[in-house]
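One structure below.
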Number of protein chains: 4
Amino acid sequence: MPSPPHGAAAHIKTARGRPRSEGCHGAILGAVAELLRSEGYGALTIEAVARQAGVGKQTIYRWWRSRAEVVLEAYANHAASRVPVPDLGSLRADLEVFMVTAFNRLNDVSGPTMRGLMADAVLDPEFLVLMREVLIERRRGALREVLARGAQRGELDPAADGEVLIDLLFGALWHRLLLQHAALDAAFARQIVGVVLDGARARPGN
Amino acid sequence: MPSPPHGAAAHIKTARGRPRSEGCHGAILGAVAELLRSEGYGALTIEAVARQAGVGKQTIYRWWRSRAEVVLEAYANHAASRVPVPDLGSLRADLEVFMVTAFNRLNDVSGPTMRGLMADAVLDPEFLVLMREVLIERRRGALREVLARGAQRGELDPAADGEVLIDLLFGALWHRLLLQHAALDAAFARQIVGVVLDGARARPGN
Amino acid sequence: MPSPPHGAAAHIKTARGRPRSEGCHGAILGAVAELLRSEGYGALTIEAVARQAGVGKQTIYRWWRSRAEVVLEAYANHAASRVPVPDLGSLRADLEVFMVTAFNRLNDVSGPTMRGLMADAVLDPEFLVLMREVLIERRRGALREVLARGAQRGELDPAADGEVLIDLLFGALWHRLLLQHAALDAAFARQIVGVVLDGARARPGN
Amino acid sequence: MPSPPHGAAAHIKTARGRPRSEGCHGAILGAVAELLRSEGYGALTIEAVARQAGVGKQTIYRWWRSRAEVVLEAYANHAASRVPVPDLGSLRADLEVFMVTAFNRLNDVSGPTMRGLMADAVLDPEFLVLMREVLIERRRGALREVLARGAQRGELDPAADGEVLIDLLFGALWHRLLLQHAALDAAFARQIVGVVLDGARARPGN
DNA sequence: TCATAAACGAGACGGTACGTCTGGTCTTTCC
DNA sequence: GGAAAGACCAGACGTACCGTCTCGTTTATGA
């Protein structure tokens with residue numbers, strides 16, 4: 001993420017005085033990553049980040065508007081910038097791989113962070129917009145690509161609305177991620193892709 | 001909700017001391033409803049509830065463990081106790097009606113509350129368990145009933161896993177509710193039910 | 001009192017960050033004085049002081065450890081810094097004037113405050129030490145001076161222990177102040193000084 | 001102390017209903033003594049006493065008005081009922097023995113309790129009256145007796161005011177007890193009695 | 001013998017204040 | 001003139017006691 005966040009916009013002019021320290025910026029993001037790892041999202045307060053990073057609170061507020069925005073950038077930096085788009089020649093295979101890849105990342109480390117970000121987004125409309133743009137939309141785009149490739153191959157009913165399919169697939173993912181009532185595993189990936197492609201309706205000929 | 005909440009559990013025996021006042025209990029829930037309506041989930045603090053209800057803070061903590069638990073009970077009391085299960089003779093119709101009914105409730109008033117509850121559940125594992133039990137599971141049960149009726153009628157592929165279908169349908173609902181990137185309307189209900197039943201795969205004969 | 005109170009100790013070095021606001025410090029002491037006057041020692045809570053001074057509670061705790069310490073400083077500021085030491089050429093006259101002066105101050109305004117401070121000191125050993133240092137010892141010193149002058153003039157029995165005389169005189173003062181069983185008036189001053197100098201023993205020659 | 005305390009006054013009439021339990025009364029006083037010993041005056045709350053005594057709070061309030069009143073009675077019960085009045089044939093000896101006896105009791109166990117009672121008395125005028133009556137006045141009376149005996153023997157200057165002497169002697173005692181700046185020991189007893197009887201003034205002939 | 005009435009243990013109740021924590025903002029000095 | 005440091009106002013947090021108020025139960029007296 002390039003991240004000249006809020007306020008800094010349109011600093012095309014000379015930028016007098018001491019330039020903003022990239023070192024600070026990095027130290028803050030590093031502190032966030034460290035705290036997420038060691039204490040969890042709940043313990044992540046602006047004050048704790050400032051302490052951990054050896055930075056004044058004001059410096060954090062100069063670059064970001066809220067805890068959630070810092071975390072979002074720290075998270076985006078480290079892992080999410082590239083969402084790989086599989087291309088195996090089959091829509092079903094592509095979707096399954098895509099979902100399993102996403103599941104794996106969530107199960108490994110990023111699950112708690114994503115859950116925390118979503119919680120903050122729900123309570124903070126301004127951040128919700130940002131998160132949709134830099135996190136959600138990026139992933140929807142990747143999935144959209146997969147679907148488009150399938151459509152080109154003629155694997156998709158032309159009447160199907162891609163956005164709805166994306167809502168179904170990501171919806172199922174987020175549902176289990178947030179509620180934790182069942183695992184995000186390969187079986188689940190296969191099942192939701194199966195239903196979304198084939199439907200659950202009984203068919204005479206089967 | 002029957003709700004002899006925490007600590008009071010299983011006091012079938014004598015129940016000594018002054019009994020807890022149902023009046024207080026109700027006043028608190030009423031205050032929560034009022035504050036949710038007038039100020040929103042964010043402004044809902046224990047202190048504000050106590051003030052509004054004319055009650056000591058300790059009295060709230062005596063009945064509930066956290067803000068989220070009070071809200072959950074207030075919400076469950078007023079609207080959620082009865083989840084209607086449509087029975088129109090067709091699985092597709094039943095599902096569509098079920099989803100549209102849910103959407104309407106969310107669009108009318110309970111959307112913000114549900115979003116707030118989910119945010120708290122994500123940050124508080126203890127509450128997550130409670131919320132799954134009294135809110136989520138109740139709704140899943142209703143949907144499960146609808147699916148079971150369809151299966152009995154032979155409308156469902158016997159190989160389909162009901163829980164997965166439920167995750168897909170509720171996942172899509174929660175996804176749009178939380179991210180607010182698109183409306184929860186009848187069209188969306190029709191679309192997701194359509195995909196879940198028929199699949200999005202292109203079919204030669206169609 | 002110069003008063004860079006607790007925690008700030010020995011900051012001879014640079015003192016980074018925003019310096020503590022003398023304005024706040026003064027506003028708090030002013031609020032304490034005002035509340036003591038209008039509501040009395042009992043009504044003086046940290047929260048009331050913060051409210052009256054337009055200050056956060058934390059700011060009070062940053063400067064002082066307890067209610068009693070704030071009051072002590074407020075009191076010391078306004079009245080006690082200078083304990084006048086009379087010098088009339090006679091030990092008896094000096095002692096009587098000293099005691100009457102002290103009585104007058106207590107009868108006018110500072111009586112209730114001194115009683116409150118003593119009550120807190122009795123229940124809080126840490127504060128007791130502080131109070132002895134900045135309030136009691138200062139006054140004992142003044143009385144010690146008076147006695148020393150008398151001794152120089154040869155008016156005191158060289159065998160007499162000054163500290164014991166001070167305990168007797170201040171003891172009598174505090175006794176009536178705390179128990180309120182009799183007035184602190186000029187007659188009492190004359191009487192205790194008389195006994196302490198002359199004794200109450202019957203003497204043949206008298 | 002006979003102690004049919006407050007409210008019960010003048011029940012000449014039949015006294016219907018269940019009579020007050022002497023067992024409770026005793027259990028409460030015992031709990032107070034125990035708590036004073038083990039936790040100190042500061043930790044002594046009505047709730048703690050009720051818990052320790054296995055008694056409802058209301059029962060305590062039925063007999064006494066405040067914490068201080070319970071403590072006062074517990075203290076008076078166990079030690080203070082009899083203030084011994086020495087009679088050795090000499091005023092000086094009687095006074096010294098009286099003071100040393102008092103000092104010893106304070107140094108042994110009752111010091112903290114007396115200090116706590118005084119702190120409460122200072123903050124609670126109603127209790128101050130009670131404490132003067134049942135604690136202070138009793139002791140002043142004993143000392144008054146000693147002085148009267150001395151006067152009868154012609155050992156006291158007839159012009160001396162006994163109350164002032166008492167204020168001086170008890171004042172010195174309380175002063176050191178409350179401020180803890182020096183020990184209450186036999187030397188101090190001898191010194192204050194010496195000054196009060198002989199005076200500290202230099203005398204030509206001595 | 002049984003009704004009345006007060007005391008009892010228990011603990012919920014409305015309050016008040018506590019001391020702590022965090023959020024955002026501001027005000028210094030240092031670089 | 002940016003940045004660290006940290007003081008500032010504000011206000012919620014959860015806890016501790018306060019003194020009062022129900023409860024159901026117990027223990028007396030008096031009808």
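Quick caveat: nothing in here was measured; it's all calculated off a predicted structure. Only this structure's heavy atoms are used, side chains among them; waters, hydrogens and symmetry mates stay out. Labels below follow one simple rule: chain letters A, B, ... track the order of the sequence lines, proteins then strands, and each chain is numbered from 1.
- Mapping D:Val55 and B:Ser21 onto DNA chain E by nearest heavy atom places D:Val55 closer to the 5' end of the strand.
- With D:Ser38 contributing its side chain and D:Glu34 its backbone, the two residues share a donor-acceptor pair below 3.5 Å.
- Remark: D:Glu126 CD is loosely packed, at most 12 non-hydrogen atoms of other residues, nucleotides or ligands lying under 6.0 Å away.
- Between A:Arg62 and F:dA3 there is a side-chain N or O to OP1 or OP2 distance below 4.0 Å.
- Residue-to-nucleotide contacts include a donor-acceptor pair under 3.5 Å from the side chain of B:Lys57 to the base of F:dG14.
- Contact check, B:Trp63 against E:dC13: a side-chain N or O comes under 4.0 Å of OP1 or OP2.
- Spacing between atom CG of C:Leu35 and atom P of E:dA17 amounts to 11 Å, rounded to whole angstrom units.
- When rounded to the nearest whole Å, the span between CD of C:Gln52 and P of E:dA17 equals 14 Å.
- Residue B:Tyr75 holds its OH atom at 11.0 Å from CG of B:Leu36, rounded to the nearest 0.5 Å.
- Residue-to-nucleotide proximity on DNA chain F shows that, of B:Arg51 and D:Ser66, the 5′-proximal contact is made by B:Arg51.
- Partner C:His25 forms a side chain to side chain donor-acceptor pair (under 3.5 Å) with one of C:Arg20, C:Glu73, C:Arg62 and no other, that one being C:Glu73.
- A:Tyr61 has its OH atom 19 Å from the C1' atom of F:dG2, to the nearest Å.
- Where B:Arg18 and B:Gln58 meet DNA chain F, the nucleotide closest to each residue was compared, and B:Gln58 sits on the side nearer the 5' end.
- When rounded to the nearest whole Å, the span between CD1 of C:Ile60 and C1' of E:dT20 equals 14 Å.
- Residue B:Ala53 comes nearest to B:Ala27 through the heavy atom pair CB-O, 3.7 Å, listed as atom of the first residue, atom of the second, then distance.
- Using a 4.0 Å cutoff on non-hydrogen atoms, no part of residues 117-129 of chain B comes near DNA chain F.
- Counting only distance, with no hydrogens or angles, the side chain of B:Arg67 and the backbone of B:Thr45 share no donor-acceptor pair below 3.5 Å.
- A:Val122 approaches B:Gly116 most closely through the heavy-atom pair CG1-N, 4.3 Å.
- A pairwise comparison of heavy atoms in C:Phe127 and C:Asp120 identifies CD2-C, 4.1 Å as the closest pair.
- Using a 4.0 Å cutoff on non-hydrogen atoms, the parts of residues 37-47 of chain D near DNA chain F are D:Thr45, D:Ile46, D:Glu47, ordered by number.
- If you measure from atom CZ of C:Arg67 to atom P of E:dG19, you get 10 Å, rounded to the nearest angstrom.
- B:Arg65 places its CZ atom 17 Å from the P atom of F:dC13, with the value rounded to the nearest Å.
- For D:Glu69 (side chain) and D:Arg65 (main-chain N/O), a donor-acceptor pair under 3.5 Å exists by modelled atom type.
- Atom-to-atom, CD1 of D:Ile28 to C1' of E:dG9 comes out at 11 Å; the value is rounded to the nearest Å.
- The shortest distance between the side-chain N/O atoms of B:Thr59 and the OP1/OP2 oxygens of E:dG14 is below 4.0 Å.
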